Amino acid sequence: MGDVVRVGLLGCGNVGAAVARMLHEHGDEISRRAGTAIEVTRVAVRDLDKPRDVPVPAGLFTDDPYDVVRDRDVDVVVEVMGGIEPARSLILEAFRQGKPVVTANKELLATLSRELFESAAAGRVDLLYEAAVGGGIPLIRPLREHLAGDRIVRFMGIVNGTTNYILTRMTEDGWSLGQALADAQRLGFAEADPSADLEGHDAAAKAAILASIAFDLPVAAGDVYREGIMAITPDDIRFAKQLGYVVKLLAIAEGDGQEVSVRVHPAMIPAGHPLASVRESFNAVYIEGERVGPLMLYGRGAGGDPTATSVVGDVIELARSRTSGGARSLIGHADHPGVPSELAPRRLKPIEEMQAQYYMLMRAADRPGVLATIALVFAEHMVSIKSVWQEGHAEEAQIVLITHRARERALQACVRDLRLIDTVKAVSSVIRVEAAEP
Ligand SMILES: NC(=O)c1ccc[n+]([C@@H]2O[C@H](COP(=O)([O-])OP(=O)(O)OC[C@H]3O[C@@H](n4cnc5c(N)ncnc54)[C@H](OP(=O)(O)O)[C@@H]3O)[C@@H](O)[C@H]2O)c1
């Protein structure tokens with residue numbers, strides 16, 4: 001690289017345009033901090049005729065992204081087009097050309113990280129991805145650098161803004177999931193097809209990326225146990241409130257000896273927990289380290305400008321390492337950067353073996369002895385009940401209960417047997433309760 005670090009953008013949508021604007025508008029500060037000027041010299045888009053509010057001359061645009069990756073006037077490739085292909089092939093080509101890559105593409109990283117990091121290592125170039133999880137929230141670098149000396153015990157994150165917005169409206173305004181989703185779509189927080197958010201796919205991709213770093217084992221999105229928020233009802237939200245909890249969609253990873261559990265599901269957390277105050281479309285990750293104790297990183301998990309901050313931070317980091325002449329090693333292990341070396345091989349723990357507390361909502365006949373029958377089923381499966389609450393409605397009672405910590409396998413067996421009791425009309429909800437009991 002010369003006096004100027006020349007950036008080729010793959011994509012100029014929400015994030016790409018914000019990156020181009022930030023590099024231009026904050027140019028003086030950026031060049032002082034990076035020790036070199038950073039300029040956009042090439043941009044690939046799909047539609048050359050689309051009007052764009054970016055300070056980049058029209059002549060630098062192309063609709064062939066390989067023009068960007070192979071251009072001699074591009075030192076760093078910034079992939080902000082999204083999707084698996086052609087993003088994957090373009091990144092691999094950039095590595096072959098000896099160019100480092102900055103990406104915001106969680107989908108790609110959560111499915112093909114090993115191939116990408118191995119190719120980066122083979123080309124002795126870097127792949128940085130701070131923007132891929134948590135938009136503008138610094139998460140990757142704090143985990144990889146600041147906390148590298150500690151052992152992470154657990155992290156719990158609200159990493160999807162759409163579902164957090166929906167759950168906030170359900171909690172604070174008493175709306176149904178459908179009403180809250182329609183509102184999120186009206187405000188542009190939710191896609192026309194919101195399934196990736198509502199079913200937890202987006203959160204699972206982010207959980208996989210964070211867990212890989214925090215627990216030194218390769219985790220793909222498909223390895224993550226996943227439940228979305230579609231089954232959450234206003235009744236669950238109301239009972240959670242009465243019991244002193246808040247319902248959130250959490251991405252959780254926790255280490256237990258040589259095992260790591262990585263999962264995404266709705267959970268009740270105590271109303272006093274720091275994550276309970278993460279409202280609207282904000283994101284946060286609460287990390288517990290063996291020595292550092294608890295810490296929380298909070299902010300805007302999406303949006304062009306916040307996400308561009310992370311992308312530009314990565315580009316500056318690359319520029320600095322070039323100006324200082326040092327080979328970067330931000331992404332870890334020399335032979336296998338980003339895919340941790342297996343010093344202490346760990347195994348992903350199946351969901352049946354995890355332990356949690358559980359909230360359960362049932363409808364049952366409002367008759368003497370029903371509660372005793374239910375309690376017996378719990379006892380048979382060694383699941384201990386912490387509290388029970390019953391509301392009568394004519395012939396039928398709604399029974400809400402919270403268990404002590406129990407194994408998932410035992411709890412599922414308990415639910416199966418409860419459904420066989422003829423006085424139990426329905427087990428309508430089962431939600432894990434996190435961070436309440438040690
Ligand atoms: N938006 C966020 O808040 C956010 C937050 C964190 C991470 N991310 C990640 O950042 C990436 C970009 O997101 P975004 O919201 O900026 O997406 P976007 O607004 O849809 O922009 C995508 C850009 O890529 C271009 N593009 C797509 N396919 C192309 C192809 N085959 N050839 C050339 N250009 C192509 C599009 O061109 P046209 O403009 O011509 O259509 C567009 O400029 C994604 O990986 C996303 O997951 C986004």
Side-chain angles (χ1 to χ4, degrees), residues 8-22 40 42-54 56 58 60-71 74 77-91 93-94 101-113 116 127-140 157-165 184 187-194 196-197 201-206 208-210 221 281-283 285 299-315:
L9 284 180
L10 297 175
C12 193
N14 290 317
V15 180
V19 167
R21 283 194 295 270
M22 182 178 275
V40 173
R42 210 87 172 89
V43 183
V45 291
R46 226 172 349 210
D47 178 1
L48 287 170
D49 297 328
K50 206 187 260 185
R52 298 173 199 273
D53 174 25
V54 283
V56 178
L60 300 182
F61 281 81
T62 172
D63 57 5
D64 180 356
Y66 284 93
D67 280 353
V68 172
V69 171
R70 294 179 180 148
D71 193 324
V74 167
V77 172
V78 170
E79 186 277 304
V80 279
M81 65 199 314
I84 301 290
E85 286 291 359
R88 168 186 162 275
S89 300
L90 289 161
I91 291 176
E93 178 61 18
V101 174
V102 173
T103 180
N105 195 332
K106 65 203 147 239
E107 200 188 343
L108 190 55
L109 282 166
T111 33
L112 293 164
S113 66
L116 294 176
L127 171 61
L128 301 189
Y129 53 97
E130 184 61 70
V133 186
I137 311 173
L139 286 170
I140 307 295
I158 294 171
V159 292
N160 181 271
T162 307
T163 45
N164 203 44
Y165 180 80
L187 293 169
F189 291 148
E191 310 272 333
D193 175 6
D197 292 323
H201 292 284
D202 174 78
K206 293 165 176 171
I209 296 170
L210 292 180
S281 61
F282 277 90
N283 285 16
V285 179
R300 291 231 174 262
D305 283 332
T307 308
T309 308
S310 292
V311 171
V312 171
D314 279 350
V315 174

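Order of appearance sets the numbers: ligands from 1, and atoms from 1 within every ligand. Since this is a predicted model, take the numbers as computed values, not measurements.
For Ala132, no heavy-atom contact with ligand 1 is shorter than 4.0 Å. Only side-chain heavy atoms of Thr307 come within less than 4.0 Å of ligand 1; its backbone N, CA, C and O stay farther off.
The nearest protein atom to atom 15 (O) of ligand 1, hydrogens excluded, is given as Asn14 ND2, 3.2 Å; this is a heavy-atom distance. For atom 3 (O) of ligand 1, the closest non-hydrogen atom of the protein is Gly303 N, 2.6 Å. Closest to atom 39 (O) of ligand 1 among all protein heavy atoms lies Arg52 NH1, 2.8 Å. Scanning the protein heavy atoms around atom 8 (N) of ligand 1, the nearest turns out to be Ala104 O, 3.8 Å. Of the protein's non-hydrogen atoms, Val80 O, 3.3 Å is the one closest to atom 12 (C) of ligand 1. Residue, atom and distance of the protein heavy atom nearest to atom 41 (O) of ligand 1 are Lys50 NZ, 2.9 Å. Atom 43 (O) of ligand 1 has Cys12 N, 2.8 Å as its closest protein atom, hydrogens excluded (heavy atom only). Nearest non-hydrogen protein atom to atom 13 (O) of ligand 1 is Val15 CG2, 4.0 Å.
Heavy atoms only, all atoms of each residue included: Gly8 and Val74 are closest at N-CG1, 3.6 Å. Between Ala132 and Ile209, the closest heavy-atom pair is CB-CD1, 4.4 Å. Listed here is the closest heavy atom pair of Gly82 and Glu79: N-OE2, 2.9 Å.
With a 4.5 Å cut-off on side-chain heavy atoms, Glu191 and Thr162 do not count as touching. Counting heavy atoms from C-beta outward, Val285 and Ile137 have side chains that stay 4.5 Å or more apart. Counting only heavy atoms from C-beta outward, the side chains of Val40 and Leu60 never approach each other to under 4.5 Å. For the pair Met81/Pro86, a side-chain contact is recorded, criterion being any heavy-atom separation below 4.5 Å from C-beta on. Between Leu90 and Val68 there is no side-chain heavy-atom pair separated by less than 4.5 Å. Side-chain contact between Tyr129 and Ser113 is absent, with no heavy-atom pair separated by less than 4.5 Å. Looking only at side-chain heavy atoms (C-beta outward), Met22 and Asp305 stay at 4.5 Å or farther from each other.
At under 3.5 Å, a nitrogen or oxygen of Gly13, whether backbone or side chain, sits near a nitrogen or oxygen of ligand 1. Checking only distances, Lys106 does come within under 3.5 Å of ligand 1, N or O to N or O.
Within ligand 1, counting atoms from 1 as listed, the ones closer than 4.0 Å to a heavy atom of Ala302 are 3 (O). Within ligand 1, the atoms closer than 4.0 Å to a non-hydrogen atom of Asp47 are 40 (O), numbered from 1 in the order shown. If you number the atoms of ligand 1 from 1 as listed, the ones under 4.0 Å from a heavy atom of Ala131 come out as 6 (C), 7 (C). For ligand 1, the atoms sitting less than 4.0 Å from at least one non-hydrogen atom of Pro86 are 31 (N), numbered in the order shown with element in parentheses.
Considering each of Glu107, Arg300, Met81, Arg46, the one bringing a non-hydrogen atom nearest atom 36 (C) of ligand 1 is Arg46. Of the candidates Gly82, Ala44, Gly11, Gly82 brings a heavy atom nearest to atom 45 (O) of ligand 1.
By the 6.0 Å contact criterion, CZ on Arg70 is enclosed, its count of non-hydrogen atoms from other residues, nucleotides or ligands being greater than 12.
In this structure, atom 17 (O) of ligand 1 has its sub-4.0 angstrom surroundings free of protein heavy atoms.
Checked by atom type and distance alone, the side chain of Asp314 pairs as donor or acceptor with a backbone atom of Glu130 at under 3.5 Å.
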